[in-house]
Structures are given as C-alpha cells and as structure tokens.
There are 2 protein chains.
Amino acid sequence: MKRKITLKQIAKELDVSISTVSKALRNSVEISEDTKQKVQAFAKLYNYRPNNIALSLKNRKTNTIGIIIPEIVHHFFSKVISGVETVANNRGYNVIVGLSNESFSKEVINMEMLANGSIDGFILSISKETLQQQDYHHFNETMSQGMPIVMFDRVIADIKCDKVIVDDYKGSKNAVEKLITNGCKSIALITTKDYVSVGKLRTQGYLEALHEHKMTPKAELILKIDDTLDYEVHLDALELEIEQLFKSNKKIDGVFAVNELYALSAMKVARKLGLDIPNDIQVIGFTDGVLSKHATPSLTTVSQHAQQMGETAANLLIDKLENEFDDEKEEEFQTVVIATELIERESTK
Amino acid sequence: MKRKITLKQIAKELDVSISTVSKALRNSVEISEDTKQKVQAFAKLYNYRPNNIALSLKNRKTNTIGIIIPEIVHHFFSKVISGVETVANNRGYNVIVGLSNESFSKEVINMEMLANGSIDGFILSISKETLQQQDYHHFNETMSQGMPIVMFDRVIADIKCDKVIVDDYKGSKNAVEKLITNGCKSIALITTKDYVSVGKLRTQGYLEALHEHKMTPKAELILKIDDTLDYEVHLDALELEIEQLFKSNKKIDGVFAVNELYALSAMKVARKLGLDIPNDIQVIGFTDGVLSKHATPSLTTVSQHAQQMGETAANLLIDKLENEFDDEKEEEFQTVVIATELIERESTK
DNA sequence: AGACCTAACGCAAACGTTTTCGTGTTAAAA
DNA sequence: TTTTAACACGAAAACGTTTGCGTTAGGTCT
C-alpha cells in the first residue's frame with residue numbers, strides 16, 4: 001500500500017529541490033531541458049498527480065460546487081443534479097451534494113458543513129420548512145462571506161442572488177388554456193398550500209387562464225392539498241380527497257394538477273368513478289417525471305426542463321466564480337427563466 | 001464581503017499567538033481560563049469555523065466519500081445515494097458524486113479526479129461499458145494507493161474489496177416460484193444480455209425455479225434485450241420485441257422481467273393484445289422503482305432495498321476508514337447480501 | 001582583469017490548521 | 001536566598017503546493 005507520491009519524494013529521489021520539481025513539471029523556462037526530462041519521466045513513471053487539497057488550500061479555491069436539494073429520490077431534482085454535474089465536470093469542477101430532506105435545520109447544518117472551505121459556491125432549492133418559517137439568515141450569511149449562491153425552482157424574491165426558475169405562471173396558464181381550448185367547461189385545480197411559491201404561482205396561472213376566457217373560478221373546484229404529509233405513503237388519503245372533489249362536482253371535465261402525483265391520483269380516481277380519459281375528463285400535470293410518460297393513459301404535462309435548469313444554474317455559478325474582476329462594481333444578479341413546454345399525451349384530446 | 005475569519009486574524013486582534021488561539025478553542029489545559037474565555041467569546045462573535053481544507057491537508061483525511069454511479073436519474077441509484085448520504089452525514093462525512101453515464105472513460109476520469117486527495121474512499125457501481133470491456137485497472141490502482149472501495153449492485157468477483165449486493169438469484173427464483181404457485185404454466189423471461197452480472201444472475205434464478213418445479217425452460221420464452229440502446233427513448237422498439245414474443249407464444253400466462261421498464265412494457269403490450277392482468281397473464285418485475293407502485297395495474301416487484309444498500313455500503317466504507325489498526329494483518333473484505341422482498345401488488349393473483 | 005549578464009537552481013513564504021517542544025514567569029519548597 | 005515546579009504561552013514544524021526572489025556558477029564583454 002504505497003501512498004500517493006508527492007513533490008517532496010520526487011525531489012528527494014532525484015536529489016533536487018521541491019521547487020525545481022514543481023517548476024519542471026509545469027515546464028518552467030527556469031529549468032534546464034535535461035532536468036525537465038528527468039523529472040517528468042520520473043513523475044510519469046510514478047503516476048504523480050498534484051494533491052487537490054493542497055492546491056485548494058494554496059489557491060483558496062476548491063473547484064467544487066455544493067448542491068443542496070430537498071430530496072434526491074425525485075425525478076426533477078435528480079435531473080437537475082445531472083445537469084449541474086455535466087456542466088461542472090466539463091468546466092473542471094466537482095459536485096458535492098447535501099440533502100435537506102425538506103428540513104430547515106438539516107439545510108442549515110449542511111450549508112455550514114460545506115461553507116467552511118469545502119466548496120466555492122452553492123446551487124440550491126429551498127426546503128419546504130424553510131419556506132414556511134421564512135428564516136433565510138443562512139443564505140444571507142453565506143453570501144456575506146463571499147460565497148455565491150444560485151437558487152433554482154424554489155426561490156425567494158427578497159434574496160439577492162442568481163436564480164433559475166421556470167415560468168410557473170405562464171406554464172400553468174398555457175396548460176389550462178389548452179384544457180379550455182379542448183372544450184372543458186368545468187376545470188378543477190389540485191394544488192398545494194400557498195407557502196410553496198411554485199404552488200402559488202401555478203394557482204395564479206390557472207386563475208388567469210379562466211379569467212381571460214371569461215370563466216369564473218369557483219372555490220369548490222380548487223383543492224389545496226396539505227403536502228406536509230408524505231403522500232407517497234399516504235396515497236389513499238390523497239385519493240379520498242380527490243374523490244370527494246369529483247363526487248361533489250359532477251360536472252368537472254378537466255383537471256389541472258400542480259404535480260405528477262396529484263394528476264395520476266386524479267386519473268386513478270376518475271377511472272374508479274367510471275369516467276373515461278380523455279373523453280369524459282381531461283387531465284394535465286406539471287413536472288418532468290417518469291410517471292407521466294408511462295402512466296395509462298399517459299399524462300399530458302408541463303415540462304420544466306430540469307436538466308436544462310441544472311445546466312443553467314451551474315453555468316451561472318461558475319461564471320460568477322471565475323469573474324472576480326467585479327470588485328466593487330455593484331454586483332449584478334440575474335434571474336433566468338426556463339421556458340416550459342406542454343407535452344401532449346393521451347390524457348388530453 | 002468579509003472573508004471567513006481565521007485563527008491568524010483572531011490571534012492578531014487579541015494579541016496572542018496562533019497556537020494559543022487554537023488551544024483555547026479546543027479547551028486545552030495549557031491555556032488560562034481568562035484567555036480561553038476571551039478567545040472563545042471572540043470566536044463566537046465572529047462565527048469562527050475551522051477551515052475544512054486546512055484540516056484535510058493536515059490530517060490527510062478529508063471526511064468526504066466519493067460515490068460513482070452510472071446515472072443519477074434512476075430511482076434505484078438515487079435511493080442508494082440517499083442511503084449513503086444519511087449514514088455519511090450522521091458519521092460526519094460529506095458525499096461527492098460522480099456520474100459515469102455508463103461510460104468507461106468517464107468512470108476512469110471521475111475516479112482520477114477524486115482520488116487525488118479529494119476523498120477518503122469510494123462507493124461505486126460499475127458502468128456497463130466497463131463491465132463489457134472488463135478493464136478494471138482503475139479500481140486496482142486506486143486501491144493499491146490505499147484508498148478503499150465499496151462496490152454495490154454491479155460488482156466483480158475477481159476484485160478484492162467490500163461489496164454490497166442483492167441476492168439477485170434468490171430474489172428472481174422466489175418471484176418465478178410465486179408465478180408458478182399462482183398457477184402459471186408458461187412463464188416468459190424478459191432480461192438483458194449476459195454481461196450485466198445482475199441480468200445474468202436473475203436469469204439463473206428464473207431457470208432454477210423452473211427446474212425445481214420440473215418445468216422445462218424454453219428458449220423461445222426467453223427474451224434477451226440489448227440494453228445498449230436507451231429504451232427510455234426507444235420505447236416502441238422494446239414494445240415491438242415484446243409483442244412478437246407474446247404473439248408467437250400465445251400460451252404465455254406469466255412474465256418475469258428483470259427490471260421495471262420491461263415489466264411495464266409487457267403489461268402495456270398485454271393490455272393491447274386484449275389480455276387481462278392478472279387473470280390472463282401475471283407479471284412480476286425487479287426493482288425499487290416508483291413506476292411499479294403507480295402503474296395500473298400496480299406491479300408486483302422484487303424490492304432491492306436500495307436505501308439499505310446505500311446505508312450498508314456507507315457503513316462498510318467508514319468502518320474501514322476509521323479502523324486503521326489493521327496494519328499488515330491481511331486485510332479482510334466482506335460481501336454483504338441484502339435480502340430481497342417480494343412486494344405483491346395487482347399484477348399477480 | 002574587472003564588470004556584468006544569464007542560465008539553472010534553491011530558499012522561503014504562503015494557504016490555515018494542530019501539536020510538540022521549548023521558554024519565561026511566578027509562586028512554593030528547601 | 002536559591003532551587004524547583006507549575007503555569008501560561010509562543011515558536012516552529014508539518015500537511016503538499018506554487019512562486020517571487022536570491023544565489024551560484026560560468027561565460028561574455030570591454
């Protein structure tokens with residue numbers, strides 16, 4: 001078990017100084033051709049690679065970016081990571097992941113762990129608990145220490161940093177308009193409580209679409225799910241709520257759901273009630289998930305282009321990291337909006 | 001934009017030496033109560049945290065583990081990461097992810113990037129391309145440098161390292177036996193080409209189950225898919241193959257598929273051919289996926305307990321990292337087998 | 001021959017820690 | 001009063017790099 005070889009060991013073996021070895025390997029003109037050859041050959045033989053940690057310490061730059069997400073077992077988030085990773089690797093960075101599990105304290109702890117030198121900047125999506133408590137001190141503290149943050153999807157307007165979001169409002173509006181165009185007269189909305197910003201925006205899009213088409217929104221058609229429960233395990237509870245919605249509003253002929261699971265549950269309930277999709281009732285969901293594609297009938301959804309979001313976020317962050325020229329010239333932050341796309345499948349006409 | 005405060009700065013402000021500050025913060029008996037109080041108060045005020053990189057360099061230990069997986073947008077792998085992350089965090093480690101994208105060269109590059117000091121050890125699942133080429137030099141080189149590796153799921157017998165696997169053989173055998181018990185007389189197998197070890201083992205389980213029940217396996221009932229194609233995009237090709245299988249073997253009343261997608265496609269094709277599930281034909285898949293649960297009908301599957309695999313792998317690795325006492329006493333490697341579990345849903349009787 | 005240049009290399013500092021080993025001061029013991 | 005020991009602290013090395021600058025040797029010029 002031979003440890004990795006260091007400059008010092010090479011220097012000793014070749015009977016030169018450490019600096020000579022270093023310079024020789026970097027092809028410095030200060031070093032004679034002879035010595036360079038000798039050193040480089042030796043280094044190659046022993047497969048020398050500079051120690052990253054030492055470099056990080058010296059350069060005060062780790063070439064690593066941290067990504068903090070609420071959960072990883074989720075198609076959207078893992079796709080974002082994939083995007084981040086691709087760009088990061090291409091630009092010479094590593095990616096270190098932290099999971100908040102939708103918990104405020106885990107988010108804080110994770111950020112503190114990474115902020116102590118391990119990484120150069122953050123890419124993150126805020127946990128639900130943090131959004132509820134509206135305690136954002138850890139973001140501000142991190143940034144005040146000169147560590148840039150790029151937020152994606154779940155963001156907060158008050159915080160000054162780069163952001164990558166999807167146009168939830170427009171995406172939803174388009175989806176609902178599609179339902180209207182397709183002849184739906186009574187469109188239900190299945191959404192989350194308002195503290196999740198994306199849920200709120202998608203609700204607004206729904207309302208606006210109705211409004212523009214002179215349809216009056218009805219409160220009884222809007223189902224706000226309390227998503228603090230984990231509906232992956234309490235599926236039946238969710239379905240029960242939806243069933244009641246359907247039963248007390250028999251004229252419903254269209255459903256817009258703010259995520260995949262709600263939409264799938266709606267389809268399941270509809271089928272159970274003997275409704276045909278898409279003839280009796282049409283359904284559209286919001287997400288990039290794998291369920292939509294493989295459901296029966298397959299689900300029409302609003303795609304968020306998660307991969308692209310990750311790529312964009314990574315590029316924004318690395319750009320900022322590598323443009324240190326901006327000393328004192330009033331830092332600028334951008335918000336990139338990723339266009340949504342309506343992917344039509346079998347759940348709509 | 002104030003940089004993070006260092007020991008040196010504290011020392012300067014308080015007019016003591018760096019060592020005094022360090023000792024005071026670590027509550028050394030060498031330092032007077034007075035000084036400790038002063039230093040600790042100051043450190044707290046300025047929110048001092050030791051620089052991780054400096055610590056890593058000094059201790060030659062990064063407290064970070066690297067995980068390399070073929071792809072992250074995959075329920076199984078993201079669940080494994082989740083398990084790794086949980087254990088790692090609890091035991092004071094960070095997790096840095098590398099994606100091989102099933103490519104040999106990306107696997108090698110990623111490992112080289114991380115092996116230069118960034119991490120203390122690897123957790124990985126081998127890429128398909130590597131399995132095909134059977135080139136494992138990067139694993140051996142990494143380990144010969146004293147960096148431990150824990151492999152999971154896709155492993156190779158020849159390589160001496162800790163492993164966490166699922167009993168693919170027994171899991172498959174159980175699944176097929178379930179079909180037999182449920183009355184299936186003609187059971188088809190949808191699997192991958194043999195170079196993916198798990199595909200091979202699952203095929204063997206299928207054969208053994210038939211054998212034990214005096215059923216003779218028929219070659220025409222075994223469909224080996226060439227999974228170098230990405231069937232997430234070429235779904236129709238996959239379905240076509242399955243359709244031909246069904247059409248040329250009309251007596252098929254049971255299907256065992258080695259993964260979720262194959263199983264779902266089989267169900268889809270069956271439905272298309274007017275077969276009722278589970279009455280005309282029963283289907284079992286192999287995986288932990290989210291599709292199985294939400295499909296209609298929901299799919300009976302062999303669960304791999306991915307989360308548990310991740311947790312086990314992380315514990316194995318960290319145990320090894322923290323037991324350096326084993327100098328020269330013939331390192332021992334263990335292979336932990338995670339029990340599979342048959343989760344019965346609607347696709348079987 | 002003296003002054004000067006240049007090639008080729010080494011020294012040392014720096015990054016931020018921790019820790020071993022001094023060292024100076026003071027109070028207690030002789 | 002002198003010796004000793006406890007106490008409180010600082011200097012320096014070490015982890016592995018990179019780099020500015022100093023140094024040496026030899027050669028060139030006048």
Side-chain angles (χ1 to χ4, degrees), chain A residues 2-40 42-43 46-64 115-120 145-147 324, chain B residues 2-40 42-43 46-64 115-120 145-147 324:
Chain A
K2 40 178 186 185
R3 277 216 160 282
K4 295 224 66 166
I5 197 167
T6 70
L7 289 186
K8 190 192 282 195
Q9 295 171 41
I10 300 184
K12 195 170 181 182
E13 291 293 324
L14 264 46
D15 210 41
V16 292
S17 78
I18 296 179
S19 20
T20 301
V21 177
S22 175
K23 287 170 184 167
L25 290 176
R26 324 194 97 244
N27 253 313
S28 160
V29 288
E30 282 186 72
I31 307 298
S32 72
E33 282 306 320
D34 267 12
T35 316
K36 280 193 212 171
Q37 300 261 339
K38 210 171 45 177
V39 171
Q40 292 178 0
F42 192 91
Y46 283 88
N47 195 30
Y48 170 79
R49 295 278 181 277
N51 181 304
N52 270 330
I53 296 291
L55 285 179
S56 296
L57 183 60
K58 179 140 196 26
N59 302 331
R60 288 138 132 228
K61 177 132 179 24
T62 64
N63 273 277
T64 302
N116 298 318
S118 304
I119 63 166
D120 296 335
Q145 285 171 167
M147 178 159 303
E324 294 295 350
Chain B
K2 35 174 191 187
R3 277 217 160 282
K4 293 224 69 166
I5 197 168
T6 70
L7 288 185
K8 189 193 281 196
Q9 295 171 41
I10 300 184
K12 195 171 183 182
E13 291 294 323
L14 264 45
D15 210 42
V16 291
S17 79
I18 295 180
S19 16
T20 302
V21 177
S22 175
K23 289 170 186 168
L25 290 176
R26 324 195 95 241
N27 253 314
S28 161
V29 290
E30 283 187 71
I31 307 297
S32 71
E33 281 306 319
D34 267 13
T35 317
K36 281 193 210 169
Q37 299 261 338
K38 212 171 43 178
V39 172
Q40 291 179 1
F42 191 91
Y46 283 88
N47 195 29
Y48 169 79
R49 295 276 181 279
N51 182 302
N52 269 331
I53 296 292
L55 285 180
S56 296
L57 183 58
K58 179 136 197 27
N59 303 331
R60 290 138 132 226
K61 176 130 181 29
T62 62
N63 274 276
T64 302
N116 297 317
S118 303
I119 62 168
D120 296 334
Q145 284 170 170
M147 179 159 301
E324 295 293 351

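For clarity, every value in this text was computed on a predicted model and none was experimentally measured. Residue numbers begin at 1 in each chain, while the letters A, B, ... track the order of the sequences. All values below come from the heavy atoms of this structure, side chains included, with hydrogens, waters and symmetry mates left out.
With rounding to the nearest 0.5 angstrom, the CG atom of B:Leu57 is 6.5 Å from the CG atom of A:Asn51. For the atom pair CE of B:Met147 and CZ of A:Arg3, the computed distance is 8.0 Å after rounding to the nearest 0.5 Å. Here B:Glu13 contributes atom CD and B:Lys38 contributes atom NZ; the two are 12.0 Å apart, rounded to the nearest 0.5 Å. Note that OG of A:Ser56 is 7.5 Å distant from CG of A:Asp120, once rounded to the nearest 0.5 Å.
Comparing A:Leu55 and B:Ile31, the nucleotide of DNA chain D nearest to each residue sits closer to the 5' end for B:Ile31.
Residues passing the side chain to side chain contact (heavy atoms under 4.5 Å, CB included) test with A:Arg49 are A:Lys4, A:Asn47, B:Asn116, sequence neighbours excluded. For B:Thr64, there are no side chain to side chain donor-acceptor pair (under 3.5 Å) partners, not counting sequence neighbours. Listed by chain and number, the residues in a side chain to side chain donor-acceptor pair (under 3.5 Å) with B:Lys58 amount to none (sequence neighbours excluded).
The distance between atom NZ of A:Lys36 and atom P of C:dA8, rounded to the nearest whole Å, is 9 Å. Taking atom CG on A:Asn27 and atom P on C:dA8, their separation rounds to 14 Å, with Å as the unit. One atom, CZ of B:Arg60, and another, C1' of C:dT18, lie 14 Å apart when rounded to the nearest Å. Nucleotide C:dT18 holds its P atom 14 Å from the CD atom of B:Glu30, rounded to whole Å. To the nearest angstrom, C1' of C:dC9 lies 14 Å from CG of A:Leu14. B:Leu7 has its CG atom 16 Å from the P atom of C:dA14, to the nearest Å. When the C1' atom of C:dT18 is taken as reference, atom NZ of B:Lys61 falls 16 Å away, rounded to whole Å. Note: CZ (B:Arg49) to C1' (C:dT17) measures 16 Å, nearest angstrom.
At most 12 non-hydrogen atoms from other residues, nucleotides or ligands lie less than 6.0 angstrom from NZ of B:Lys12. For B:Asp15, the CG atom is loosely surrounded, since the number of other residues' heavy atoms within 6.0 Å does not exceed 12.
Think of the region where chain A sits on DNA chain D: with heavy atoms and a 4.0 Å cut, that region ends 5' and 3' at D:dC15 to D:dC21.
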Close N or O pairs between protein and nucleotides 11-13 of chain C (under 3.5 Å):
unit_1	atom_1	unit_2	atom_2	d
C:dC11	N4	A:Ser19	OG	2.8

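Residue B:Asn27 comes nearest to B:Lys36 through the heavy atom pair OD1-CD, 3.4 Å, listed as atom of the first residue, atom of the second, then distance. In plain terms, the two heavy atoms of A:Leu55 and A:Pro50 that are nearest each other are CD1-CB, 3.8 Å. The two residues A:Ile31 and A:Ala24 have their closest heavy-atom pair at CG1-N, 4.0 Å.
Taking the C1' atoms of five terminal pairs at each end of the helix from C:dA1-D:dT30 to C:dA30-D:dT1, the two resulting helix axes are inclined by 80°, rounded to 10°.
As judged by a 4.0 angstrom heavy-atom cut-off over every strand, A:Ser22 is placed among the base-contacting residues. Among the heavy atoms of the strands lying under 4.0 Å from B:Val16 are primed sugar atoms or P, OP1, OP2 only; no base atom is included.
Phosphate proximity of C:dA8 to A:Thr35: absent, as no side-chain N or O sits under 4.0 Å from OP1 or OP2.
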